[in-house]
Chemist: 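Sharing a structure, written as C-alpha coordinates. Questions coming.
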Amino acid sequence: MASIGQIVNPTSGSDALSRARQRAALMPDCLVEAKRIANTVIAGWHGRRKRGIGENFWQFRPYAEGESLSRIDWRRSARDDHTYVREREWEAAHTIWLWCDMSPSMMYKSSYGSASKESRALVVMLALAEILSRSGERIGCPGIMEPASTRNAAERLASALMHAPLTGGLPETGMIRGWSDLVLIGDFLDDAPAIMERLGPLARRGLRGHVVEISDPAEEIFPYSGRTEFTDPETGAKLISGRAEHIREAYRNAYLARRESLGQSLRHLGWTFTTHRTDHLASEALVAVHMYLSGMPAKATHGGQL
(Lines give C-alpha, C1' and ligand atoms only; values in the text may rest on other atoms or scores of the structure.)
Protein backbone atom coordinates (compact mmCIF):
# COMPACT_ATOMS: atom_id res chain seq x y z
CA MET A 1 0.00 0.00 0.00
CA ALA A 2 1.05 3.64 -0.41
CA SER A 3 2.98 5.28 2.38
CA ILE A 4 0.76 7.09 4.86
CA GLY A 5 3.44 8.95 6.80
CA GLN A 6 7.05 9.96 6.71
CA ILE A 7 9.61 9.32 9.44
CA VAL A 8 13.20 10.25 10.06
CA ASN A 9 16.07 8.38 11.62
CA PRO A 10 17.49 9.60 14.93
CA THR A 11 19.78 12.58 14.55
CA SER A 12 23.40 11.51 15.03
CA GLY A 13 26.32 13.77 15.70
CA SER A 14 27.29 13.84 12.04
CA ASP A 15 23.74 14.79 11.05
CA ALA A 16 23.30 17.51 13.64
CA LEU A 17 24.31 20.31 11.28
CA SER A 18 21.88 19.08 8.62
CA ARG A 19 19.07 18.88 11.18
CA ALA A 20 19.86 22.38 12.41
CA ARG A 21 19.74 23.70 8.85
CA GLN A 22 16.36 22.08 8.31
CA ARG A 23 15.05 23.82 11.40
CA ALA A 24 16.52 27.16 10.29
CA ALA A 25 14.91 26.78 6.87
CA LEU A 26 11.54 26.02 8.47
CA MET A 27 11.59 29.01 10.82
CA PRO A 28 10.89 31.92 8.39
CA ASP A 29 7.76 30.24 6.99
CA CYS A 30 6.57 29.41 10.51
CA LEU A 31 7.09 33.01 11.60
CA VAL A 32 5.10 34.38 8.66
CA GLU A 33 2.28 31.93 9.32
CA ALA A 34 2.36 32.71 13.04
CA LYS A 35 1.96 36.44 12.40
CA ARG A 36 -0.90 35.81 10.00
CA ILE A 37 -2.71 33.66 12.55
CA ALA A 38 -2.04 36.10 15.39
CA ASN A 39 -3.64 38.87 13.34
CA THR A 40 -6.80 36.82 12.85
CA VAL A 41 -7.23 35.77 16.46
CA ILE A 42 -7.41 37.90 19.59
CA ALA A 43 -5.32 41.04 19.71
CA GLY A 44 -6.83 42.55 22.84
CA TRP A 45 -5.48 40.71 25.85
CA HIS A 46 -4.21 43.73 27.75
CA GLY A 47 -1.65 43.45 30.52
CA ARG A 48 -2.81 43.85 34.08
CA ARG A 49 -2.47 47.53 34.97
CA LYS A 50 -2.34 49.40 38.25
CA ARG A 51 -1.21 52.69 39.72
CA GLY A 52 2.54 53.28 39.70
CA ILE A 53 5.47 54.67 37.74
CA GLY A 54 4.76 54.97 34.04
CA GLU A 55 4.07 57.30 31.15
CA ASN A 56 0.31 56.95 30.67
CA PHE A 57 -2.38 58.80 32.61
CA TRP A 58 -4.20 56.68 35.20
CA GLN A 59 -6.57 58.92 37.18
CA PHE A 60 -7.01 62.10 39.21
CA ARG A 61 -7.38 61.83 42.97
CA PRO A 62 -7.67 64.40 45.77
CA TYR A 63 -4.43 65.87 47.07
CA ALA A 64 -3.40 64.58 50.51
CA GLU A 65 -1.74 66.89 53.01
CA GLY A 66 2.02 66.36 53.14
CA GLU A 67 2.43 65.28 49.52
CA SER A 68 4.84 67.11 47.25
CA LEU A 69 3.27 70.14 45.59
CA SER A 70 4.97 69.10 42.35
CA ARG A 71 2.45 66.28 41.99
CA ILE A 72 -0.55 68.63 41.90
CA ASP A 73 -2.30 69.03 38.57
CA TRP A 74 -3.12 72.74 38.70
CA ARG A 75 -5.21 72.75 35.51
CA ARG A 76 -7.55 70.07 36.84
CA SER A 77 -7.62 71.69 40.29
CA ALA A 78 -8.67 75.03 38.80
CA ARG A 79 -11.96 73.54 37.62
CA ASP A 80 -13.46 73.41 41.15
CA ASP A 81 -12.62 74.01 44.81
CA HIS A 82 -10.54 70.84 45.27
CA THR A 83 -6.87 70.12 44.69
CA TYR A 84 -6.04 67.07 42.57
CA VAL A 85 -3.01 64.90 41.93
CA ARG A 86 -2.45 63.29 38.53
CA GLU A 87 -1.56 59.61 38.87
CA ARG A 88 0.17 57.60 36.19
CA GLU A 89 -0.30 54.05 35.12
CA TRP A 90 2.16 51.20 35.52
CA GLU A 91 1.70 48.04 33.52
CA ALA A 92 2.60 44.93 35.48
CA ALA A 93 4.21 42.74 32.84
CA HIS A 94 3.82 39.03 33.44
CA THR A 95 6.46 36.46 32.52
CA ILE A 96 5.32 33.70 30.19
CA TRP A 97 7.71 30.93 29.19
CA LEU A 98 7.08 29.24 25.85
CA TRP A 99 8.58 25.90 24.81
CA CYS A 100 7.97 23.39 22.06
CA ASP A 101 9.40 19.93 21.55
CA MET A 102 11.67 19.64 18.51
CA SER A 103 12.73 16.03 18.94
CA PRO A 104 12.61 13.63 15.93
CA SER A 105 9.10 12.34 16.72
CA MET A 106 7.78 15.87 16.08
CA MET A 107 8.95 15.71 12.46
CA TYR A 108 6.22 13.24 11.56
CA LYS A 109 3.63 14.20 8.93
CA SER A 110 1.07 11.83 7.44
CA SER A 111 -0.93 12.34 4.29
CA TYR A 112 -3.87 13.21 6.56
CA GLY A 113 -2.17 16.20 8.18
CA SER A 114 -1.61 19.66 6.71
CA ALA A 115 1.75 20.17 8.44
CA SER A 116 4.32 18.27 10.45
CA LYS A 117 3.90 18.26 14.20
CA GLU A 118 7.10 20.29 14.53
CA SER A 119 5.92 22.96 12.10
CA ARG A 120 2.54 23.27 13.79
CA ALA A 121 4.08 23.49 17.27
CA LEU A 122 6.45 26.23 16.13
CA VAL A 123 3.60 28.21 14.52
CA VAL A 124 1.48 28.05 17.69
CA MET A 125 4.48 29.00 19.84
CA LEU A 126 5.49 31.97 17.69
CA ALA A 127 1.89 33.16 17.32
CA LEU A 128 1.55 33.16 21.12
CA ALA A 129 4.76 35.16 21.38
CA GLU A 130 3.39 37.66 18.87
CA ILE A 131 0.07 38.17 20.66
CA LEU A 132 1.52 38.26 24.17
CA SER A 133 4.29 40.68 23.24
CA ARG A 134 1.69 43.11 21.90
CA SER A 135 0.24 43.19 25.41
CA GLY A 136 3.59 44.01 26.96
CA GLU A 137 4.17 40.60 28.53
CA ARG A 138 7.67 39.27 29.12
CA ILE A 139 8.35 36.30 26.83
CA GLY A 140 11.07 33.72 27.42
CA CYS A 141 12.02 30.21 26.32
CA PRO A 142 13.68 27.88 28.88
CA GLY A 143 17.36 27.45 28.11
CA ILE A 144 17.08 29.35 24.84
CA MET A 145 15.93 32.95 25.46
CA GLU A 146 15.80 35.02 28.62
CA PRO A 147 12.45 36.74 29.29
CA ALA A 148 12.10 40.13 27.64
CA SER A 149 9.27 42.58 27.09
CA THR A 150 9.65 43.64 23.48
CA ARG A 151 7.37 44.10 20.50
CA ASN A 152 9.51 41.83 18.31
CA ALA A 153 9.47 38.87 20.71
CA ALA A 154 8.34 36.46 17.98
CA GLU A 155 11.26 37.44 15.74
CA ARG A 156 13.74 37.19 18.60
CA LEU A 157 12.40 33.81 19.62
CA ALA A 158 12.54 32.50 16.05
CA SER A 159 16.15 33.66 15.73
CA ALA A 160 17.09 32.03 19.04
CA LEU A 161 15.45 28.76 18.03
CA MET A 162 17.43 28.67 14.77
CA HIS A 163 20.66 28.53 16.75
CA ALA A 164 19.41 26.41 19.65
CA PRO A 165 21.10 23.04 20.27
CA LEU A 166 19.28 19.86 19.24
CA THR A 167 17.63 18.48 22.36
CA GLY A 168 14.71 16.21 23.20
CA GLY A 169 12.45 15.74 26.17
CA LEU A 170 11.07 18.38 28.49
CA PRO A 171 13.12 21.55 29.03
CA GLU A 172 15.27 22.46 32.01
CA THR A 173 13.29 24.82 34.21
CA GLY A 174 15.71 25.73 36.98
CA MET A 175 15.94 29.27 35.65
CA ILE A 176 12.19 29.90 36.01
CA ARG A 177 11.35 31.94 39.08
CA GLY A 178 8.25 33.44 40.58
CA TRP A 179 4.62 33.08 39.62
CA SER A 180 5.10 32.62 35.91
CA ASP A 181 3.10 30.83 33.25
CA LEU A 182 4.71 27.97 31.34
CA VAL A 183 3.32 26.81 27.98
CA LEU A 184 4.60 23.42 26.80
CA ILE A 185 3.85 22.30 23.23
CA GLY A 186 4.71 18.82 21.99
CA ASP A 187 3.35 15.36 21.24
CA PHE A 188 3.92 14.04 24.81
CA LEU A 189 4.03 10.41 23.70
CA ASP A 190 5.90 9.24 26.81
CA ASP A 191 3.99 7.47 29.56
CA ALA A 192 1.87 9.88 31.58
CA PRO A 193 3.56 8.98 34.92
CA ALA A 194 6.99 9.77 33.46
CA ILE A 195 5.78 13.15 32.22
CA MET A 196 4.09 13.98 35.51
CA GLU A 197 7.27 13.11 37.41
CA ARG A 198 8.87 16.07 35.65
CA LEU A 199 5.91 18.45 35.76
CA GLY A 200 4.67 17.83 39.31
CA PRO A 201 7.53 19.72 41.01
CA LEU A 202 6.93 22.73 38.73
CA ALA A 203 3.33 23.02 39.88
CA ARG A 204 4.42 22.82 43.51
CA ARG A 205 6.79 25.74 42.84
CA GLY A 206 3.78 27.87 41.97
CA LEU A 207 4.06 27.79 38.18
CA ARG A 208 0.85 27.91 36.18
CA GLY A 209 1.18 25.37 33.39
CA HIS A 210 -0.52 24.94 30.03
CA VAL A 211 0.20 21.79 28.03
CA VAL A 212 -0.66 21.58 24.32
CA GLU A 213 -0.55 18.11 22.82
CA ILE A 214 0.07 18.17 19.06
CA SER A 215 -0.97 15.01 17.19
CA ASP A 216 -1.10 13.87 13.60
CA PRO A 217 -4.47 12.42 12.49
CA ALA A 218 -2.84 9.07 11.63
CA GLU A 219 -1.67 8.77 15.24
CA GLU A 220 -5.29 8.89 16.40
CA ILE A 221 -7.22 7.01 13.74
CA PHE A 222 -4.52 4.40 12.93
CA PRO A 223 -5.43 4.02 9.22
CA TYR A 224 -2.91 1.24 8.53
CA SER A 225 -3.80 -2.16 7.13
CA GLY A 226 -1.97 -5.18 5.78
CA ARG A 227 1.72 -5.79 6.32
CA THR A 228 3.11 -2.56 7.83
CA GLU A 229 6.51 -1.64 9.19
CA PHE A 230 6.53 0.92 12.01
CA THR A 231 9.72 2.78 12.94
CA ASP A 232 10.37 4.67 16.17
CA PRO A 233 11.82 8.02 15.03
CA GLU A 234 13.54 8.51 18.39
CA THR A 235 15.40 5.20 18.60
CA GLY A 236 15.15 3.68 15.12
CA ALA A 237 13.53 0.51 16.52
CA LYS A 238 11.25 -1.26 14.06
CA LEU A 239 8.06 -3.28 14.45
CA ILE A 240 6.44 -5.26 11.63
CA SER A 241 2.74 -6.09 11.78
CA GLY A 242 1.40 -8.68 9.36
CA ARG A 243 -2.18 -7.41 9.67
CA ALA A 244 -2.06 -3.88 11.05
CA GLU A 245 -5.84 -3.55 11.04
CA HIS A 246 -6.04 -6.29 13.67
CA ILE A 247 -4.31 -4.10 16.28
CA ARG A 248 -6.18 -0.90 15.42
CA GLU A 249 -8.70 -1.05 18.27
CA ALA A 250 -6.14 -2.02 20.90
CA TYR A 251 -3.80 0.74 19.70
CA ARG A 252 -6.48 3.41 19.74
CA ASN A 253 -7.64 2.41 23.22
CA ALA A 254 -4.08 2.62 24.51
CA TYR A 255 -3.44 5.94 22.77
CA LEU A 256 -6.59 7.58 24.10
CA ALA A 257 -6.07 6.12 27.59
CA ARG A 258 -2.60 7.68 27.71
CA ARG A 259 -4.04 11.04 26.70
CA GLU A 260 -6.88 10.84 29.23
CA SER A 261 -4.49 9.88 32.02
CA LEU A 262 -2.18 12.79 31.21
CA GLY A 263 -5.06 15.26 31.01
CA GLN A 264 -6.53 14.17 34.34
CA SER A 265 -3.15 14.36 36.06
CA LEU A 266 -2.49 17.85 34.71
CA ARG A 267 -5.91 19.13 35.72
CA HIS A 268 -5.35 17.68 39.20
CA LEU A 269 -2.32 19.98 39.44
CA GLY A 270 -4.43 22.94 38.36
CA TRP A 271 -2.81 23.01 34.91
CA THR A 272 -4.64 23.14 31.59
CA PHE A 273 -4.50 20.54 28.83
CA THR A 274 -5.30 21.23 25.18
CA THR A 275 -5.24 18.71 22.33
CA HIS A 276 -4.73 19.76 18.72
CA ARG A 277 -4.55 17.81 15.48
CA THR A 278 -2.53 18.96 12.50
CA ASP A 279 -5.45 18.54 10.10
CA HIS A 280 -7.17 21.45 11.83
CA LEU A 281 -6.28 25.13 12.02
CA ALA A 282 -3.51 26.35 14.26
CA SER A 283 -5.80 29.18 15.35
CA GLU A 284 -7.93 26.68 17.29
CA ALA A 285 -5.06 25.79 19.62
CA LEU A 286 -3.98 29.42 19.82
CA VAL A 287 -7.42 30.62 20.90
CA ALA A 288 -7.74 27.90 23.54
CA VAL A 289 -4.34 28.59 25.13
CA HIS A 290 -4.84 32.35 24.89
CA MET A 291 -8.10 32.08 26.81
CA TYR A 292 -6.48 29.90 29.48
CA LEU A 293 -3.70 32.46 29.90
CA SER A 294 -6.34 35.17 30.20
CA GLY A 295 -7.99 33.25 33.03
CA MET A 296 -11.07 32.30 31.01
CA PRO A 297 -12.38 28.76 30.50
CA ALA A 298 -11.74 27.23 27.11
CA LYS A 299 -12.59 23.95 25.48
CA ALA A 300 -10.21 22.60 22.87
CA THR A 301 -11.74 21.08 19.76
CA HIS A 302 -10.46 19.00 16.89
CA GLY A 303 -12.64 20.53 14.20
CA GLY A 304 -13.85 23.78 12.74
CA GLN A 305 -12.53 26.23 10.19
CA LEU A 306 -11.38 29.83 10.49
Chemist: Is it true that R36 and E33 make a salt bridge, defined as a side-chain N closer than 4.0 Å to a carboxylate O?
Modeler: yes

Chemist: Should L189 and I247 be regarded as members of a common hydrophobic cluster, given that ILVMFWY residues are connected when their side-chain heavy atoms come within less than 4.5 Å of each other, either directly or indirectly?
Modeler: yes

Chemist: Taking all heavy atoms of L286 and all of A127, pick out the closest pair and write down the distance.
Modeler: CD2-CB, 3.7 Å

Chemist: Side-chain contact, heavy-atom cut-off 4.5 Å: L266 with F188?
Modeler: no

Chemist: Is there a side-chain contact between N152 and S133 (heavy atoms, below 4.5 Å)?
Modeler: no

Chemist: To the nearest 0.5 Å, tell me how far L207 CG sits from T95 OG1.
Modeler: 10.5 Å

Chemist: Within a 6.0 Å radius of atom CZ on R267, are there more than 12 heavy atoms belonging to other residues, nucleotides or ligands?
Modeler: yes

Chemist: Can you spot which of R156, M145, M102 makes a side-chain contact (heavy atoms from CB on, under 4.5 Å) with L161?
Modeler: M102

Chemist: Tell me whether F222 shares a hydrophobic cluster with L256, the cluster being built from Ile, Leu, Val, Met, Phe, Trp, Tyr side chains joined at under 4.5 Å.
Modeler: yes

Chemist: Under a 4.5 Å cut-off applied to non-hydrogen side-chain atoms, are I96 and L128 in contact?
Modeler: no

Chemist: State, with a plain yes or no, whether a side-chain heavy atom of E155 is found less than 4.5 Å away from one of L31.
Modeler: yes

Chemist: Nearest 0.5 Å, please: how far is CH2 in W74 from CZ in R79?
Modeler: 15.0 Å

Chemist: Can any side-chain N or O of E172 pair as donor or acceptor with the backbone N or O of P142 at less than 3.5 Å?
Modeler: no

Chemist: Please walk me through it: do S215 and R259 pass side-chain contact (heavy atoms from CB on, under 4.5 Å)?
Modeler: CA-CA 11 Å; S215 66; R259 172 183 286 172; 3.6 Å; yes

Chemist: Sequence neighbours excluded, which residues qualify as ring pair (Phe, Tyr, Trp, His ring centres under 6.0 Å) partners of Y255?
Modeler: Y251

Chemist: Side-chain contact test, heavy atoms from C-beta onward, threshold under 4.5 Å: evaluate it for P223 versus Y112 and give yes or no.
Modeler: yes

Chemist: Does a side chain donor of either R208 or T272 reach within less than 3.5 Å of an acceptor in the other side chain?
Modeler: no

Chemist: With distance as the sole test, does R151 use its side chain to make a donor-acceptor pair with the main-chain N or O of R134 at under 3.5 Å?
Modeler: yes

Chemist: CG/N39 to CD1/I131 distance, rounded to the nearest 0.5 angstrom?
Modeler: 8.5 Å

Chemist: How far apart are the closest heavy atoms of V124 and A285, and which atoms are they?
Modeler: CG2-CB, 4.3 Å

Chemist: Just wondering, are more than 12 heavy atoms of other shown residues or ligands nearer than 6.0 Å to CD in E249?
Modeler: no

Chemist: Show, in sequence, the C-alpha distance, side-chain angles and deciding distance for S114 and R120, and conclude whether the side-chain hydrogen bond (donor to acceptor under 3.5 Å, both in side chains) test is met.
Modeler: CA-CA 9 Å; S114 58; R120 180 55 54 84; 3.2 Å; yes

Chemist: Do L98 and C141 have side chains that get closer than 4.5 Å, going by heavy atoms?
Modeler: no

Chemist: Can you tell me how far apart OG1 (T228) and CG (L239) are? Round to the nearest 0.5 Å.
Modeler: 9.5 Å

Chemist: E220 versus P217: any side-chain heavy-atom pair under 4.5 Å?
Modeler: no

Chemist: Locate the shortest heavy-atom distance separating I176 from W97; write the atom from each residue and the value.
Modeler: CG2-NE1, 3.5 Å

Chemist: Please assess L202 against W271 for the test side-chain contact (heavy atoms from CB on, under 4.5 Å), listing each intermediate value before the final yes or no.
Modeler: CA-CA 10 Å; L202 300 181; W271 286 28; 3.9 Å; yes

Chemist: Taking the side chain as every heavy atom from C-beta outward, state whether D181 and H94 have any atom pair closer than 4.5 Å.
Modeler: yes

Chemist: One pair to check against side-chain contact (heavy atoms from CB on, under 4.5 Å): L293 and L132. What are the steps and the verdict?
Modeler: CA-CA 10 Å; L293 287 166; L132 295 170; 4.1 Å; yes

Chemist: State, to 0.1 Å, how close E130 and A154 come at their nearest heavy-atom pair, and which atoms those are.
Modeler: OE1-CB, 3.6 Å

Chemist: For the pair F230 and Y224, name the ring-plane relationship: parallel under 30°, tilted 30 to 60°, perpendicular over 60°.
Modeler: perpendicular

Chemist: What's the spacing between S149 OG and E137 CD if we round to 0.5 Å?
Modeler: 7.5 Å

Chemist: Rounded to the nearest 0.5 Å, what's the gap from CE on M125 to CG on D101? Could you check?
Modeler: 11.0 Å

Chemist: Is the backbone N or O of S261 less than 3.5 Å from a side-chain atom of S265, with the two atoms forming a donor-acceptor pair by type?
Modeler: yes

Chemist: Against E213, only a single residue in R277, R258, H276 fulfils side-chain hydrogen bond (donor to acceptor under 3.5 Å, both in side chains); can you say which?
Modeler: R258

Chemist: Specify the closest pair of heavy atoms between R248 and I221, including all atoms of both residues, with the distance to one decimal.
Modeler: CD-O, 3.9 Å

Chemist: From the options D187, T235, D232, select the one residue that forms a side-chain contact (heavy atoms from CB on, under 4.5 Å) with S105.
Modeler: D187

Chemist: What's the shortest heavy-atom distance between L126 and A34, and which atoms?
Modeler: CB-CB, 3.6 Å

Chemist: Side chains of residues 190-200: which donor-acceptor partners sit under 3.5 Å, not counting sequence neighbours?
Modeler:
unit_1 : atom_1 : unit_2 : atom_2 : d
R198   : NH2    : P171   : O      : 2.9

Chemist: Quick one: does any side-chain atom of K117 pair with a main-chain N or O of A121 as donor and acceptor, under 3.5 Å?
Modeler: no

